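Step one of this worksheet: look at the structure below.
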Number of protein chains: 2
Amino acid sequence: MTRDQIRDADGVALYRHEAIAAVLQVRRVDDVERLTVLLSRRRDEPFAGLFALPSGAVETGEALDAAVLRHLAAKVDVSGVTHLEQLGTRSDPGRDPAQRTIATSYLGLVPTSSDPALPERARWEPVDALPALAFDHGIVVAEAVERLRAKLSYTNLGFALMPTEFTIAELREVYVAALGHDVAPTNLQRVLTRRGQLVPTGELSRAGTRGGRPARRFRFAEASLIVTDPFAVLRPEG
Amino acid sequence: MTRDQIRDADGVALYRHEAIAAVLQVRRVDDVERLTVLLSRRRDEPFAGLFALPSGAVETGEALDAAVLRHLAAKVDVSGVTHLEQLGTRSDPGRDPAQRTIATSYLGLVPTSSDPALPERARWEPVDALPALAFDHGIVVAEAVERLRAKLSYTNLGFALMPTEFTIAELREVYVAALGHDVAPTNLQRVLTRRGQLVPTGELSRAGTRGGRPARRFRFAEASLIVTDPFAVLRPEG
DNA sequence: ACAAAAGTGTTTGCCGTACACCCATGG
DNA sequence: CCATGGGTGTACGGCAAACACTTTTGT
C-alpha cells in the first residue's frame with residue numbers, strides 16, 4: 001500500500017488508472033452459435049496463468065476510450081470493433097492485490113463476419129461457461145452481457161453484431177445466442193421492421209442444398225446506436 | 001502538463017481522480033415545484049466564481065462511492081440522500097485546465113421532505129435554467145437528469161424523491177417536475193399500482209381548506225431500486 | 001346546494017406473442 | 001410432388017392514455 005501514497009505537488013493522492021475491454025462476439029463453437037468474450041491468458045503476477053480481459057494503463061494525454069482501443073489493438077484488429085461504450089468504473093482498493101488501481105470498463109462488439117487473427121495467448125470463450133477470471137473481470141463480463149441484452153431490446157444495437165447484409169434466419173441465430181433464449185423469426189422481423197431498423201436490400205440469398213424458398217436479404221438502416229423504443233411511460237400522447 | 005508525468009516505480013503514469021456528485025431534488029421555487037441540482041460557487045481557480053457540482057479527490061484506500069459521500073457531507077446532510085448511483089467517468093485530458101484529472105460522476109437523489117441547511121456558497125438551482133458551470137459539470141447534470149427521467153419510467157426510483165407517505169396529488173407534482181411534462185394522476189396511480197410500487201397505508205389526508213374529498217395516503221412498496229418494468233422484448237412467453 | 005378535490009369505470013389503440021396458413025425452391 | 005425453409009395474415013392479451021362519471025369533503 002505504500003505505493004498508494006504517491007502524491008502531487010498539492011498533496012493530492014495519485015492513482016494508476018486502467019481501461020478494461022469486454023469485447024463480445026457471436027461465434028460458432030462446436031456447431032452452435034455462442035456469445036463469446038475475448039480473453040487473454042496472463043503471463044505475469046498477480047493471477048499469472050488465469051484468463052483476463054484485455055486491459056492496460058492510460059497514457060499521458062490520452063482519453064479513456066483511446067486507451068481501450070490502443071490496448072485492444074494489441075489483441076485484435078480494432079477496425080472490426082463496430083461499437084464501443086463505457087460500462088463503469090471500479091475502485092475497490094483491494095481489486096488489484098499488487099497496487100491500488102482504478103479501472104474503467106468498456107463494452108465492445110464485433111460482427112460475426114469478422115474473424116481476426118489472435119495472438120498466442122488470446123481466445124474467444126463462451127460467456128456462459130467462463131473459467132475463473134483475474135481481478136474483478138468476471139463481474140465486468142457479466143455487466144457487459146447484461147448491457148448488451150438490455151440494449152438489444154430497446155435500441156438498434158444488433159447492427160454491431162451483424163455483417164452489413166444478412167437474412168432473417170442469420171439474424172435470428174445471432175439474437176438467440178446473444179439473448180440466451182429462443183426468438184421467433186416472424187416476430188423478430190416484425191418488431192425490428194416496425195421500429196425502422198431493418199431495410200430489405202431487394203436481393204435474395206440462394207436456397208440451401210436441401211431446398212427451401214430463397215431468403216430475402218436485409219441490412220440495418222443505421223450503423224450507429226439509436227434508441228428505437230424509448231421506454232417513456234406516463235408521457236401524454238398529445 | 002508536467003504534473004502529468006508523475007509515474008510510479010514501474011513507470012506507470014499516475015492521475016488525480018475525483019468524484020463528482022449531481023444531487024437532484026424536487027423543490028418549490030416561486031410557488032412551483034422544480035427539479036433542482038445542488039451547486040456550490042467556486043472560491044478558487046480555475047473557474048473561480050462559477051457554480052460547480054460538489055466534487056473532490058479520492059483518498060488513499062477509499063472507494064469512489066465513499067469519496068462522493070465524503071465530499072457531499074461537506075455541503076449537505078448525506079443521511080437525506082436516498083439513492084446514489086454511478087453515471088460515468090470523464091477523462092478528456094483538457095477537462096481540467098489546471099491539471100490532468102479523471103473524474104467519476106454520480107447521481108444522488110434527495111426526497112422533498114428533506115430540507116438540509118446549506119453552507120454559504122451552496123444553492124439548489126433549477127436544472128432547466130442553469131448558469132454556466134465549471135469544468136464539464138453542465139454535461140454531468142444533463143446526464144444525471146436523463147438517467148433520472150429514464151429510470152422513473154421503468155423502475156421504482158420515485159421512492160427516492162418522495163417522503164415515506166404521500167398522496168397521489170403530491171406524487172404527481174413531483175413526477176411532473178422531475179419529468180418536465182404533464183402527468184395524469186389517474187394513469188400515474190394505475191401504472192405504479194399495477195407494477196406493485198404503490199401500497200395504500202389505509203390512512204387519509206385531511207381535506208384542503210377549500211373542501212374536496214380527503215386523499216388516501218400511499219407509500220412505495222420498496223425503498224431501494226428495483227426494475228419493475230424490464231424492457232425485454234422478443235422473449236417467449238412460455 | 002354547490003364547488004372542489006379524489007377516485008373509479010370504460011373506451012380506444014398499440015404492441016408483442018403465438019399460431020395457422022401460403023410461397024418458392026431442390027431433389 | 002414432397003420435403004424444406006421463408007414469408008404473410010390473423011387472433012389474443014396486456015398495457016397505457018384519455019375521458020366521462022361518481023364519491024366525499026368544506027363552505
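Protein chains get the first letters and strands the later ones, always in sequence-line order, with residue 1 at the start of each. The structure presented is a predicted model; accordingly, all values stated were derived computationally and were not measured.
Nucleic acid contact for B/Arg172: none, since no nucleic acid atom lies under 4.0 Å from a heavy atom of the residue. Among the protein residues, A/Arg194 comes within range of the nucleic acid bases, having at least one heavy atom under 4.0 Å from a base atom. A/Arg195 comes within 4.0 angstrom of the backbone, heavy atoms only, and of no base. Residue contacts for A/Ala169: at a heavy-atom cut-off of 4.0 Å it reaches the sugar-phosphate backbone alone, with no base atom in range. At a threshold of 4.0 angstrom between heavy atoms, the contacts of A/Pro236 are confined to the sugar-phosphate backbone, with no base atom among them. A/Thr167 comes within contact range of no nucleotide atom at all, as no heavy-atom separation falls under 4.0 Å.
Rounded to whole angstrom, the span from the CG atom of B/Leu171 across to the P atom of C/dG7 amounts to 11 Å. Rounded to a whole Å, the CG atom of A/Leu192 is 14 Å from the P atom of D/dG7. Rounded to whole angstrom, the span from the CD atom of A/Glu170 across to the P atom of D/dG7 amounts to 11 Å. Atom-to-atom, CZ of B/Arg216 to C1' of D/dT23 comes out at 13 Å; the value is rounded to the nearest Å. When the P atom of D/dG14 is taken as reference, atom CZ of A/Phe231 falls 24 Å away, rounded to whole Å. Between A/Arg217 atom CZ and D/dG5 atom C1' the separation is 16 Å, expressed in whole Å. Counting to the nearest Å, the C1' atom of C/dA6 and the CG atom of B/Leu188 are 14 Å from each other. Taking atom CD of residue A/Gln189 and atom P of nucleotide D/dG9, one finds them 11 Å apart after rounding to whole Å.
Judged by distance alone with a 3.5 Å cut-off, a donor-acceptor contact links the side chain of B/Arg190 to the base of C/dG9. Judged by distance alone, with hydrogens and angles left aside, B/Arg206 brings no side-chain donor or acceptor close enough to the base of D/dT24 to form a pair under 3.5 Å. You'll find a donor-acceptor pair under 3.5 Å spanning the side chain of B/Arg213 and the base of D/dT23, going by distance alone.
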| request: Go through the steps for A/Phe166 and A/Phe220 under the test ring-ring contact (aromatic ring centres under 6.0 Å, His included), then give the verdict. | output: CA-CA 9 Å; A/Phe166 48 85; A/Phe220 274 93; 5.5 Å; yes

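Of the residues listed (A/Asn156, A/Thr155, A/Thr228), the one engaging A/Gln197 in a side-chain hydrogen bond (donor to acceptor under 3.5 Å, both in side chains) is A/Thr228, and it is the only one.
In summary, the side chains of A/His17 and A/Thr104 do present a donor paired with an acceptor at a separation below 3.5 Å, with no hydrogens or angles considered.
For C/dT17, the OP1/OP2 oxygens have no side-chain nitrogen or oxygen of B/Arg235 closer than 4.0 Å.
Closest approach to the A/Arg210 side chain among C/dG7, D/dG5, D/dA17 is made by D/dG5 (side chain taken as heavy atoms from C-beta onward). Of the candidate nucleotides D/dG9, D/dT25, C/dT8, D/dG9 has the atom lying nearest to any side-chain atom of A/Thr186. When the nucleotides C/dG16, D/dA17, D/dT24 are ranked by their closest atom to the side chain of A/Asp229, C/dG16 comes out on top.
Annotation: of the two residues near DNA chain C, B/Asn187 and B/Ala215, the 5′-most nearest-nucleotide partner is B/Ala215. Summary of the strand contacts: A/Gly212 and B/Ala232 both lie near DNA chain C, and taking for each the nucleotide with the nearest heavy atom, the more 5' one is attributed to B/Ala232.
Interatomic distance, A/Arg90 CZ to B/Thr89 OG1, rounded to the nearest 0.5 Å: 12.0 Å.
A salt bridge does not link B/Arg217 to B/Glu203: none of the charged side-chain nitrogens sits closer than 4.0 Å to a carboxylate oxygen. Here B/Asp182 pairs with B/Arg172 in a salt bridge; the nearest charged N to carboxylate O distance falls below 4.0 Å.
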